[in-house]
Amino acid sequence: MLVDSHCHLDFPDFTDDLDGVVGRAGQAGIGILLTIGTHISRHDQVIRVAERFDNVWCTVGVHPHEAGVEPFADVETLVRLADHPKVVGLGETGLDYFYDKSPRDRQRDSFKMHIEAARRTGLPVIVHTRDADGDTAAILEDEMGKGAFTGLVHCFSSDGQFSEKAVELGLYISASGIMTFKTAEALRDTLRGVPLDRLLVETDAPYLAPVPFRGKRNEPAYAAHTAARLAEVKGVPFAELERATTANFLRLFGKVRP
Ligand SMILES: [Zn+2]
Ligand SMILES: [Zn+2]
């Protein structure tokens with residue numbers, strides 16, 4: 001059994017097709033799906049998806065794109081919303097200086113609030129970082145010094161220096177379809193160096209479909225293609241990659257009951 005550790009099943013892309021999407025994931029061997037929150041204002045929809053399927057779990061958080069417009073991402077609200085049996089993590093949060101859709105100081109403040117909520121609840125934080133690795137690493141290191149928390153860097157596309165820092169801080173690294181792209185040789189080299197006991201697999205569906213579906217709508221079933229490529233890159237049999245990434249997920253997301 002594999003896990004899709006990051007997808008967005010509440011997005012309109014899936015509204016008419018949710019049973020099909022979850023069913024096809026099951027047929028492809030994806031036993032657990034984690035649907036990730038991006039807006040506090042849409043949290044009810046995320047919860048509804050998680051409550052509808054036994055094997056779908058969810059998180060609560062505000063995406064860095066929304067950090068400037070969603071007014072509710074204070075620590076108390078996050079902690080309160082995380083106190084639901086289906087909510088197993090905080091985020092996604094982090095820094096996105098590529099799109100810069102929210103003021104950077106708001107992104108940093110929101111990121112720190114999610115980390116504090118992760119610390120208080122004992123749930124992992126899901127970190128998004130794009131064109132911001134210096135600041136992301138600095139905040140993670142600084143916050144870890146203030147008090148331990150757990151988490152992962154999702155849709156990993158950073159360099160080896162960043163992955164080493166994340167691993168050193170005790171965090172996990174999640175590989176998405178990006179690592180299957182023809183031009184992603186450097187990323188594959190970096191992932192080869194990440195210890196197998198720190199790796200997860202995700203789709204980030206509906207975005208970033210892996211080869212051979214690149215450019216199409218992504219869905220959790222396609223996580224199997226990324227996992228197969230990751231097994232090749234790590235030089236381990238598929239079954240071993242499957243076992244390791246699922247065990248890693250369940251260790252990190254201890255609230256999930258498979
Ligand atoms: Zn993201
Ligand atoms: Zn996402």
Side-chain angles (χ1 to χ4, degrees), residues 3-14 18 21 25 30 32-43 45-47 49-50 56-70 73 78 87-102 104 106-108 110-111 113-115 118 123-133 135-137 139-140 151-158 162-163 166 171-181 184 187 191 199-210 217-223 226 249 252-253:
V3 176
D4 182 357
S5 72
H6 192 117
C7 54
H8 296 284
L9 298 181
D10 64 308
F11 282 19
D13 312 68
F14 297 120
L18 202 51
V21 164
I30 321 298
I32 298 173
L33 314 182
L34 185 57
T35 190
I36 302 290
T38 53
H39 299 63
I40 299 280
S41 59
R42 274 174 29 191
H43 183 61
Q45 282 132 274
V46 176
I47 287 277
V49 175
V56 177
W57 303 76
C58 71
T59 66
V60 57
V62 177
H63 193 284
H65 288 347
E66 320 300 334
V69 289
E70 287 272 317
L78 291 169
V87 177
V88 300
L90 278 307
E92 61 184 292
T93 179
L95 305 176
D96 195 314
Y97 295 172
F98 179 77
Y99 287 108
D100 261 337
K101 287 196 185 174
S102 301
R104 292 180 177 185
R106 284 293 298 242
Q107 295 190 41
R108 290 189 286 263
S110 178
F111 187 16
M113 283 191 269
H114 284 76
I115 290 174
L123 300 177
V125 63
I126 292 94
V127 178
H128 168 116
T129 179
R130 185 140 185 219
D131 276 10
D133 288 354
D135 278 8
T136 301
I139 288 175
L140 288 170
L152 68 90
V153 180
H154 108 88
C155 198
F156 185 81
S157 56
S158 305
F162 186 86
S163 67
L171 304 174
Y172 290 71
I173 303 275
S174 183
S176 73
I178 294 177
M179 63 82 58
T180 69
F181 296 172
L187 175 59
L191 288 169
L199 282 171
L200 305 177
V201 177
E202 70 173 65
T203 56
D204 206 9
Y207 310 119
L208 295 171
R217 183 193 74 171
N218 198 0
E219 61 174 76
Y222 301 166
T226 301
F249 176 85
L252 180 60
F253 290 93

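A quick note: this is a predicted structure, and the numbers were derived from the prediction, not measured. When a ligand or atom number is given, it counts from 1 through the structure's own listing order.
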Participant: Taking the Zn ion (ligand 2) as the vertex, measure the angle between atom NE2 in His8 and atom OD1 in Asp204; round to 10°.
Facilitator: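 Value returned, to the nearest 10°, is 90°.
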
Participant: Anything under 30° is parallel, anything over 60° is perpendicular, the rest tilted; go ahead and classify His6 against His8.
Facilitator: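 Correct class here is perpendicular.
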
Participant: If you consider just the N/O/S atoms, which atom of Glu92 is the closest one to the Zn ion (ligand 1)?
Facilitator: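 Nearest N/O/S atom: OE1.
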
Participant: With carbon and hydrogen excluded and only N/O/S kept, which atom of His128 is nearest the Zn ion (ligand 1)?
Facilitator: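 The His128 atom nearest to the Zn ion (ligand 1), restricting to N, O or S, is ND1.
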
Participant: Distance from Ile126 atom CD1 to Leu152 atom CG, nearest 0.5 Å?
Facilitator: 5.5 Å

Participant: Hey, does the side chain of Thr38 reach the backbone of Val62 with a donor-acceptor pair shorter than 3.5 angstrom?
Facilitator: no

Participant: In His154, the N, O or S atom nearest to the Zn ion (ligand 1) is which?
Facilitator: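 Minimum-distance N/O/S atom of His154 relative to the Zn ion (ligand 1) is NE2.
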
Participant: Is a side-chain donor-acceptor pair under 3.5 Å present for Ser41 with Glu70?
Facilitator: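 Side chains of Glu70 and Ser41: pair found under 3.5 Å.
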
